[in-house]
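Treat the numbers as computed from the prediction; the structure is a model and nothing was measured.
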Amino acid sequence: MGAASYKIQRILREADIEVRHSSLTKLRSLLTTHKDKRHSKNLPGVYRIPCERGKVYIGETGRSFATRLNQYQAHGRRDERDKSAIIHHAHTCEHRILWDESRLIMQVPNWYQRRVREALEIEVHTTVPQDNGLDLSNIRRALLDNQAS
(Lines give C-alpha, C1' and ligand atoms only; values in the text may rest on other atoms or scores of the structure.)
Protein backbone atom coordinates (compact mmCIF):
# COMPACT_ATOMS: atom_id res chain seq x y z
CA MET A 1 0.00 0.00 0.00
CA GLY A 2 3.01 2.23 -0.31
CA ALA A 3 4.02 4.79 2.33
CA ALA A 4 1.06 3.99 4.62
CA SER A 5 2.27 0.39 5.02
CA TYR A 6 5.69 1.53 6.18
CA LYS A 7 4.20 4.00 8.70
CA ILE A 8 2.05 1.22 10.15
CA GLN A 9 5.05 -1.08 10.21
CA ARG A 10 7.06 1.49 12.16
CA ILE A 11 4.28 1.98 14.73
CA LEU A 12 3.79 -1.78 15.19
CA ARG A 13 7.55 -2.37 15.46
CA GLU A 14 7.59 -0.06 18.51
CA ALA A 15 5.04 -2.47 20.06
CA ASP A 16 7.31 -5.45 19.24
CA ILE A 17 5.03 -6.64 16.45
CA GLU A 18 6.87 -7.74 13.35
CA VAL A 19 5.31 -6.84 10.00
CA ARG A 20 6.29 -8.30 6.68
CA HIS A 21 5.21 -7.05 3.28
CA SER A 22 4.37 -9.42 0.48
CA SER A 23 2.54 -9.36 -2.80
CA LEU A 24 -0.46 -11.58 -3.49
CA THR A 25 0.69 -12.04 -7.07
CA LYS A 26 4.19 -13.39 -7.32
CA LEU A 27 6.16 -13.74 -10.51
CA ARG A 28 6.62 -17.44 -9.79
CA SER A 29 2.86 -18.03 -9.63
CA LEU A 30 2.45 -16.33 -13.00
CA LEU A 31 5.15 -18.44 -14.64
CA THR A 32 4.55 -21.88 -13.11
CA THR A 33 1.65 -24.07 -12.13
CA HIS A 34 1.37 -27.38 -10.37
CA LYS A 35 -1.21 -28.58 -12.89
CA ASP A 36 -0.43 -30.14 -16.24
CA LYS A 37 -1.84 -28.20 -19.17
CA ARG A 38 -4.30 -30.08 -21.33
CA HIS A 39 -3.36 -30.21 -24.98
CA SER A 40 -6.02 -28.62 -27.19
CA LYS A 41 -6.55 -31.95 -28.95
CA ASN A 42 -7.89 -33.35 -25.64
CA LEU A 43 -10.67 -30.77 -25.33
CA PRO A 44 -14.24 -30.57 -26.65
CA GLY A 45 -15.16 -27.74 -28.97
CA VAL A 46 -15.39 -26.52 -32.55
CA TYR A 47 -12.70 -27.66 -34.97
CA ARG A 48 -11.54 -27.34 -38.57
CA ILE A 49 -10.08 -29.98 -40.89
CA PRO A 50 -8.56 -28.55 -44.10
CA CYS A 51 -8.03 -30.14 -47.48
CA GLU A 52 -5.16 -29.34 -49.84
CA ARG A 53 -7.32 -27.10 -52.04
CA GLY A 54 -8.14 -24.53 -49.33
CA LYS A 55 -11.53 -25.80 -48.25
CA VAL A 56 -12.19 -26.81 -44.67
CA TYR A 57 -14.60 -29.01 -42.81
CA ILE A 58 -16.01 -27.36 -39.67
CA GLY A 59 -17.39 -29.58 -36.93
CA GLU A 60 -18.12 -29.73 -33.24
CA THR A 61 -17.59 -32.44 -30.65
CA GLY A 62 -18.30 -32.94 -26.97
CA ARG A 63 -15.55 -35.54 -26.79
CA SER A 64 -11.89 -34.81 -27.20
CA PHE A 65 -10.91 -33.38 -30.57
CA ALA A 66 -8.24 -36.10 -30.90
CA THR A 67 -10.88 -38.83 -30.52
CA ARG A 68 -13.07 -37.22 -33.19
CA LEU A 69 -10.10 -36.79 -35.54
CA ASN A 70 -9.19 -40.48 -35.12
CA GLN A 71 -12.78 -41.38 -35.98
CA TYR A 72 -12.59 -39.40 -39.24
CA GLN A 73 -9.30 -41.04 -40.15
CA ALA A 74 -10.84 -44.47 -39.52
CA HIS A 75 -13.74 -43.56 -41.83
CA GLY A 76 -11.17 -42.70 -44.49
CA ARG A 77 -9.23 -45.95 -44.06
CA ARG A 78 -12.45 -47.97 -44.31
CA ASP A 79 -13.71 -45.86 -47.26
CA GLU A 80 -16.89 -44.92 -45.34
CA ARG A 81 -17.76 -41.87 -47.43
CA ASP A 82 -21.35 -41.75 -46.23
CA LYS A 83 -20.27 -41.22 -42.60
CA SER A 84 -18.28 -38.02 -43.08
CA ALA A 85 -18.56 -34.98 -45.34
CA ILE A 86 -14.78 -34.42 -45.34
CA ILE A 87 -14.09 -38.04 -46.33
CA HIS A 88 -16.78 -37.85 -49.03
CA HIS A 89 -15.25 -34.58 -50.32
CA ALA A 90 -11.73 -36.03 -50.36
CA HIS A 91 -12.82 -39.09 -52.35
CA THR A 92 -15.15 -37.40 -54.83
CA CYS A 93 -12.86 -34.41 -55.55
CA GLU A 94 -9.63 -36.38 -55.12
CA HIS A 95 -8.31 -33.89 -52.57
CA ARG A 96 -5.88 -34.84 -49.83
CA ILE A 97 -6.99 -34.08 -46.26
CA LEU A 98 -4.35 -32.20 -44.26
CA TRP A 99 -4.74 -34.06 -40.99
CA ASP A 100 -1.66 -32.44 -39.43
CA GLU A 101 -3.13 -28.97 -39.99
CA SER A 102 -6.43 -29.84 -38.31
CA ARG A 103 -7.02 -27.85 -35.17
CA LEU A 104 -9.47 -26.92 -32.46
CA ILE A 105 -10.79 -23.44 -33.25
CA MET A 106 -12.31 -22.87 -29.84
CA GLN A 107 -12.88 -24.89 -26.70
CA VAL A 108 -16.63 -24.87 -26.00
CA PRO A 109 -17.89 -27.35 -23.38
CA ASN A 110 -21.60 -26.45 -23.68
CA TRP A 111 -23.49 -28.31 -26.45
CA TYR A 112 -25.74 -25.47 -27.61
CA GLN A 113 -22.90 -22.93 -27.59
CA ARG A 114 -20.80 -25.38 -29.63
CA ARG A 115 -23.58 -25.70 -32.20
CA VAL A 116 -23.93 -21.91 -32.49
CA ARG A 117 -20.17 -21.44 -32.83
CA GLU A 118 -20.02 -24.23 -35.42
CA ALA A 119 -22.75 -22.53 -37.50
CA LEU A 120 -20.92 -19.19 -37.27
CA GLU A 121 -17.63 -20.77 -38.37
CA ILE A 122 -19.32 -22.55 -41.30
CA GLU A 123 -20.74 -19.19 -42.34
CA VAL A 124 -17.33 -17.47 -42.51
CA HIS A 125 -15.18 -20.27 -43.98
CA THR A 126 -15.03 -21.81 -47.44
CA THR A 127 -16.23 -25.24 -46.45
CA VAL A 128 -16.62 -28.57 -48.15
CA PRO A 129 -20.27 -29.36 -48.89
CA GLN A 130 -21.67 -30.18 -45.47
CA ASP A 131 -24.62 -29.72 -43.14
CA ASN A 132 -24.66 -26.05 -42.11
CA GLY A 133 -25.50 -26.87 -38.51
CA LEU A 134 -27.88 -24.47 -36.81
CA ASP A 135 -29.74 -22.07 -39.09
CA LEU A 136 -28.45 -18.56 -38.45
CA SER A 137 -31.04 -15.83 -38.27
CA ASN A 138 -30.77 -12.78 -40.51
CA ILE A 139 -29.64 -10.80 -37.47
CA ARG A 140 -26.62 -13.06 -36.95
CA ARG A 141 -25.81 -12.92 -40.65
CA ALA A 142 -25.92 -9.10 -40.52
CA LEU A 143 -23.52 -9.19 -37.54
CA LEU A 144 -21.14 -11.43 -39.51
CA ASP A 145 -21.32 -9.11 -42.54
CA ASN A 146 -20.45 -6.13 -40.30
CA GLN A 147 -17.50 -8.01 -38.79
CA ALA A 148 -16.18 -8.97 -42.22
CA SER A 149 -16.19 -5.39 -43.52
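- Looking only at side-chain heavy atoms (C-beta outward), Leu120 and Val124 stay at 4.5 Å or farther from each other.
- Taking the charged nitrogens against the carboxylate oxygens, Glu121 and Arg117 do have a contact shorter than 4.0 Å, which makes a salt bridge.
- Here the rule is side-chain contact (heavy atoms from CB on, under 4.5 Å) with Ile87, and of His75, Glu80, Gln73 only His75 fits it.
- Under the 3.5 Å distance criterion, the side-chain polar atoms of Arg63 are left unmatched by any main-chain donor or acceptor of Arg68.
- Judged as a salt bridge (charged side-chain N to carboxylate O under 4.0 Å, His left out), and not counting sequence neighbours, Arg77 has no contacts.
- No continuous path of hydrophobic side-chain contacts links Leu98 to Leu104 [ILVMFWY only; heavy atoms under 4.5 Å].
- Glu60 and Tyr47 make their closest contact through N-CE2, 3.4 Å (heavy atoms, listed as atom of the first residue, atom of the second, distance).
- Annotation for Asp100: atom CG does not count as buried by contact number, only 12 or fewer foreign heavy atoms lying within 6.0 Å.
- Atom NE2 of His88 and atom CG of Asp79 lie 11.0 Å apart (nearest 0.5 Å).
- For Ala85 against Gln130, the heavy-atom pair with the smallest separation is CB-CB, 3.9 Å.
- For Ile11, there are no side-chain contact (heavy atoms from CB on, under 4.5 Å) partners at least two apart in sequence or on another chain.
- Counting side-chain heavy-atom gaps under 4.5 Å among Ile, Leu, Val, Met, Phe, Trp and Tyr, the cluster of Ile105 also holds Val46, Val56, Ile58, Met106, Val108, Ile122.
- The heavy-atom pair separating Pro44 from Pro109 by the smallest distance is CG-CA, 4.3 Å.
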Derivation of the side chain to side chain contact (heavy atoms under 4.5 Å, CB included) call for Trp99 and Ile49: CA-CA 7 Å; Trp99 297 113; Ile49 302 171; 4.0 Å; yes
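- Put simply, OH on Tyr57 and OG on Ser84 are 6.0 Å apart, with the number rounded to the nearest 0.5 Å.
- With His95 as the partner, the side chain to side chain donor-acceptor pair (under 3.5 Å) test is satisfied by one option alone out of Glu52, Lys55, His89: His89.
- Rounding to the nearest 0.5 Å gives a distance of 9.5 Å between CZ of Phe65 and CZ of Arg103.
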